[in-house]
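Taking it in order: structure first as structure tokens, then the write-up.
Small disclaimer: the values here were computed from a predicted structure and weren't measured. Chain letters run A, B, ... following the sequence lines, proteins first, then strands; residues in each count from 1.
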2 protein chains.
Amino acid sequence: MKKPAASTIRNVAHAAGVSVTTVSRHLNGRIKLPAETSERIRAAVAKLEYRPNAIARRLSKGRSETIGLIVSDISYPFFAAIASSAEEEASRLGYSLVMFNSRNIAAKELAFLSRIDDAQVDGILLMTNHPDDGALVEKINACSNVVLVDEDVPGAMAPRLFADNRLGAQLATDHLLAHGHETIAFVGGPPALLSSRERFGAFKDSLKNSGLRVNPDHVFFGDYDEQSGLRAILQFAALDNPPTAIFASADMLALGILQGCRKLGITVPAELSLVGFDDIRNVDLLDPPLTAIHQSAEEFGRRAVGLLIDHINGAEIPDVAPVAVKLVVRHSVAAPRKAHWKLAGNASAENRPPARVGI
Amino acid sequence: MKKPAASTIRNVAHAAGVSVTTVSRHLNGRIKLPAETSERIRAAVAKLEYRPNAIARRLSKGRSETIGLIVSDISYPFFAAIASSAEEEASRLGYSLVMFNSRNIAAKELAFLSRIDDAQVDGILLMTNHPDDGALVEKINACSNVVLVDEDVPGAMAPRLFADNRLGAQLATDHLLAHGHETIAFVGGPPALLSSRERFGAFKDSLKNSGLRVNPDHVFFGDYDEQSGLRAILQFAALDNPPTAIFASADMLALGILQGCRKLGITVPAELSLVGFDDIRNVDLLDPPLTAIHQSAEEFGRRAVGLLIDHINGAEIPDVAPVAVKLVVRHSVAAPRKAHWKLAGNASAENRPPARVGI
DNA sequence: CTGAAAGCGCTTACAG
DNA sequence: CTGAAAGCGCTTACAG
């Protein structure tokens with residue numbers, strides 16, 4: 001199955017009547033050759049269809065002009081959007097970007113990071129969900145040239161780029177508060193993650209600033225997926241005093257919540273208000289269009305790549321500003337039912353019928 | 001910035017008191033060593049934290065145990081889902097999978113394919129939208145070890161894996177027909193693509209079998225994205241005789257159509273029925289839940305990887321069966337308005353008011 | 001300025 | 001069975 005041996009730099013040198021050294025230097029732009037010589041090389045390259053062997057180059061040079069991106073799940077829309085943007089920026093800066101899917105498996109993350117050792121990649125953008133894995137911290141510190149994106153790995157010595165989680169959560173919560181909600185639930189991802197901690201922290205602070213306290217029954221931590229959102233709403237719906245609003249700290253959670261609401265016959269926003277986080281593509285087409293905290297995947301990818309390439313080139317990385325967030329108001333938030341009843345003065349939250357009404 | 005030189009196989013050999021050859025052979029399982037010797041090697045590996053240099057291995061061996069996946073846009077949900085599944089299957093079979101984002105740029109596809117030449121990857125899963133690019137065919141044939149996934153590159157000599165496009169389109173069209181629609185529009189992607197041609201072909205056939213003909217005004221080809229869907233519905237809505245139903249040959253197109261309907265005040269399915277294709281995650285949460293042709297991204301990724309690895313290993317690739325499709329009925333299809341009017345006998349399609357009514 | 005030669009870290013025919 | 005040596009295709013200090 002061997003294909004015809006590809007031509008090598010030796011063949012080119014021979015055909016052009018110069019040394020291998022000269023060809024190499026010329027092709028890498030480290031030398032200025034007489035027009036006639038460089039033309040001979042050009043012709044030889046063309047004739048032999050010479051293409052430098054990148055593997056050989058890496059082995060001797062120790063660089064690949066390639067960067068990697070490790071992601072726990074490429075089919076997670078927000079991650080895919082970041083990956084797409086990162087590729088574009090890398091390309092603009094003369095780098096290739098290869099993407100690795102870790103499926104959230106710590107061992108795969110370590111294996112992918114090891115590709116820095118071989119110079120398979122010059123550096124890596126790491127998006128992980130294993131913040132407290134000791135081996136990971138060690139590996140990152142051994143590798144250098146990794147930048148942490150979206151989630152933290154505490155203790156790792158690496159540049160980091162995160163969203164403004166606290167501001168986002170505050171905007172979301174205040175928006176719900178402004179509509180008169182007083183029993184607001186929080187649905188989060190894995191509690192150890194930076195995003196969960198910061199978003200939940202700001203959520204609590206916002207409630208406190210309004211004189212409210214968080215009800216432990218109204219807090220749910222799971223994974224950042226539809227499943228968890230579904231479980232959360234099922235759990236809330238079974239409560240004697242279900243919340244009138246939910247801050248879902250990821251759109252994928254909101255999706256699961258919406259799914260659950262449909263199953264249970266809860267109408268959003270009439271009976272339950274909902275705000276998401278991420279603002280992934282097409283959430284404006286949901287039923288109802290989702291009000292969400294927007295963070296720019298494009299900015300995430302672009303800035304992360306810039307940071308990494310600067311770092312690879314030995315530049316000092318200054319403190320980096322968080323990725324900006326903003327509230328995008330659509331139609332998944334309304335005034336709480338309870339509030340109306342209060343006005344009417346005829347029912348307390350506790351003894352009203354469960355919030356399960358057909359559409 | 002050099003990190004402490006990683007240990008090499010020479011260091012290990014030295015520490016274990018054997019030759020480099022022996023270490024290499026032992027580590028690659030080509031040799032059975034006395035327990036005592038292999039233990040010395042194990043200890044040396046552990047002590048020196050030896051990790052084989054994959055780049056050096058590739059250079060001398062010409063294989064990488066890595067496969068690549070080229071995709072035009074990793075943030076396209078259906079593609080991301082395929083990529084995710086492909087990675088899982090590759091991993092199961094002992095291969096790494098790296099993903100390349102081509103942004104639909106032919107030159108990038110060629111460059112990525114060239115990574116086969118260097119043994120950066122042993123083979124490639126190619127998802128392209130450049131079916132008629134002569135250079136691509138040539139490159140694929142030169143590379144061998146590529147398999148075409150989802151779309152064809154006519155003339156290329158490579159195994160292929162496609163969905164059952166014709167059946168899918170037929171199921172979609174017949175479903176609309178069964179609801180009484182007679183003016184059904186087709187919205188497709190780039191007309192040169194296999195998916196567009198097959199889906200449009202089967203659409204036409206289904207109409208013909210019902211004694212209907214396709215109205216050129218009711219056919220729109222664009223890209224497979226929301227933008228194109230939006231443009232299509234805008235164009236249809238301006239017609240004197242807009243369609244009562246649309247077969248959108250990709251969910252992303254359906255998303256754009258839904259967006260347009262919302263803008264124009266067209267209610268789906270009351271005024272316009274819609275069926276999509278792909279059945280990507282969460283289309284059941286749209287407004288309305290989208291009826292769509294389902295194709296399994298999981299099956300696509302899994303089977304494509306199997307095909308590629310068999311091909312790499314020189315196995316004969318038999319004719320491959322298409323990826324199965326099925327109709328998933330949700331709530332974006334209803335009987336046509338026109339049909340009701342006909343029953344009432346008071347208006348023809350031509351002079352009824354345009355289908356633009358507020359919700 | 002140019003080129004012969006060593007070296008990057010492996011694998012593997014070849015000889016002992 | 002084992003190991004010294006050549007080779008994979010580049011880059012680059014070093015000498016001319």
Side-chain angles (χ1 to χ4, degrees), chain A residues 1-38 40-41 44-45 48-66 114-122, chain B residues 1-38 40-41 44-45 48-66 114-122:
Chain A
M1 282 308 253
K2 281 261 180 215
K3 56 193 79 150
S7 53
T8 71
I9 196 171
R10 280 193 63 196
N11 303 328
V12 172
H14 187 87
V18 291
S19 75
V20 164
T21 312
T22 299
V23 176
S24 171
R25 285 204 268 241
H26 175 250
L27 259 25
N28 291 310
R30 289 200 211 307
I31 206 182
K32 190 83 191 143
L33 249 32
E36 191 251 352
T37 314
S38 81
R40 283 211 313 275
I41 294 178
V45 166
L48 298 171
E49 295 186 346
Y50 170 69
R51 300 181 41 77
N53 182 313
I55 292 291
R57 185 163 211 272
R58 282 178 204 187
L59 182 59
S60 67
K61 200 150 192 267
R63 289 192 68 150
S64 62
E65 264 77 53
T66 298
S114 291
R115 295 184 178 225
I116 292 181
D117 304 338
D118 308 315
Q120 292 191 53
V121 296
D122 293 342
Chain B
M1 278 309 253
K2 282 261 180 215
K3 54 194 78 150
S7 52
T8 71
I9 196 171
R10 281 193 62 195
N11 304 328
V12 172
H14 186 88
V18 291
S19 76
V20 164
T21 312
T22 299
V23 175
S24 172
R25 287 205 266 244
H26 175 251
L27 259 25
N28 291 311
R30 289 199 211 306
I31 206 182
K32 190 83 192 143
L33 248 33
E36 190 252 350
T37 313
S38 82
R40 282 211 313 273
I41 293 178
V45 166
L48 298 171
E49 295 186 346
Y50 170 68
R51 300 180 40 79
N53 181 314
I55 292 292
R57 184 163 211 273
R58 283 178 203 187
L59 183 57
S60 66
K61 201 151 191 263
R63 290 192 66 149
S64 61
E65 264 77 53
T66 298
S114 292
R115 297 186 176 222
I116 292 182
D117 305 337
D118 313 306
Q120 290 190 53
V121 296
D122 293 342

Item checked: Backbone of A:Ser64 reached by a side-chain donor or acceptor of A:Asp122 within 3.5 Å -> yes
Margin query: In this structure, how many angstroms lie between the P atom of C:dG9 and the CZ atom of A:Arg115, rounded?
Written below: 19 Å
Item checked: Gap between atom OG1 of B:Thr21 and atom CD1 of B:Ile31 - 0.5 Å precision -> 9.0 Å
Item checked: Sugar-phosphate, base or nothing in reach of A:Leu33, heavy atoms under 4.0 Å -> sugar-phosphate
Checklist line | Partner set under side chain to side chain donor-acceptor pair (under 3.5 Å) for B:Thr22, not counting sequence neighbours | finding: B:Ser19
Next item on the list: Provide, to the nearest angstrom, the distance between the CZ atom belonging to B:Arg51 and the C1' atom belonging to C:dC10.
Entry: 15 Å
Margin query: Could you work out, with side chain to side chain contact (heavy atoms under 4.5 Å, CB included) as the rule, every residue matching A:Ala16, not counting sequence neighbours?
Written below: A:Val18, A:Arg40, A:Ile41, A:Ala44
Check: Can you check the B:Lys32 NZ to D:dT2 C1' distance for me, whole Å?
Finding: 17 Å
Note to self: Checking contacts here: which listed nucleotide (C:dG3, C:dC10, D:dG9) is nearest the side-chain heavy atoms of A:Ser19?
What the structure shows: C:dG3
Checklist line | Criterion side-chain contact (heavy atoms from CB on, under 4.5 Å) on A:Thr66 and B:Arg115, from CA distance to verdict | finding: CA-CA 12 Å; A:Thr66 298; B:Arg115 297 186 176 222; 4.2 Å; yes
Next item on the list: Applying side chain to side chain donor-acceptor pair (under 3.5 Å), name anything that partners A:Arg10, two or more places apart in sequence or on another chain.
Entry: none
Every protein N/O within reach of nucleotides 11-14 of chain C N/O, cut-off under 3.5 Å:
residue, atom, partner, partner atom, Å
C:dT11, OP1, B:Asn28, ND2, 3.1
C:dT11, OP1, B:Arg57, NE, 2.8
C:dT11, OP2, B:Ser24, OG, 2.5
C:dT11, O4', B:Ser60, OG, 2.9
C:dT12, OP2, B:Arg30, NE, 3.3
C:dT12, OP2, B:Arg30, NH2, 3.2
C:dT12, O4, B:Thr21, OG1, 3.4

Checklist line | A:Arg10 CZ to D:dG7 C1', straight-line distance once rounded to whole Å | finding: 11 Å
Next item on the list: Spell out, as yes or no, whether a donor-acceptor pair under 3.5 Å connects the side chain of B:Arg63 to the backbone of B:Arg58.
Entry: no
Next item on the list: Nearest whole angstrom, please: distance from the C1' of D:dC10 to the CZ of B:Arg58.
Entry: 16 Å
Checklist line | Sequence-distant partners of A:Ser60, side chain to side chain contact (heavy atoms under 4.5 Å, CB included), two or more places apart | finding: none
Next item on the list: Return the value, rounded to whole Å, for the distance between atom CD1 of A:Ile55 and atom P of D:dC8.
Entry: 16 Å
Margin query: Tell me the interatomic distance from A:His14, atom NE2, to C:dG3, atom C1', rounded to whole angstroms.
Written below: 16 Å
Margin query: Let's test your reading of the pairing rules: Watson-Crick or G-U wobble, both distances under 3.5 Å, then write DNA chain C as a dot-bracket string with ( ), [ ], | and dots.
Written below: |||.||||||||.|||
Next item on the list: Provide, to the nearest angstrom, the distance between the CG atom belonging to B:Asn53 and the P atom belonging to C:dC8.
Entry: 12 Å
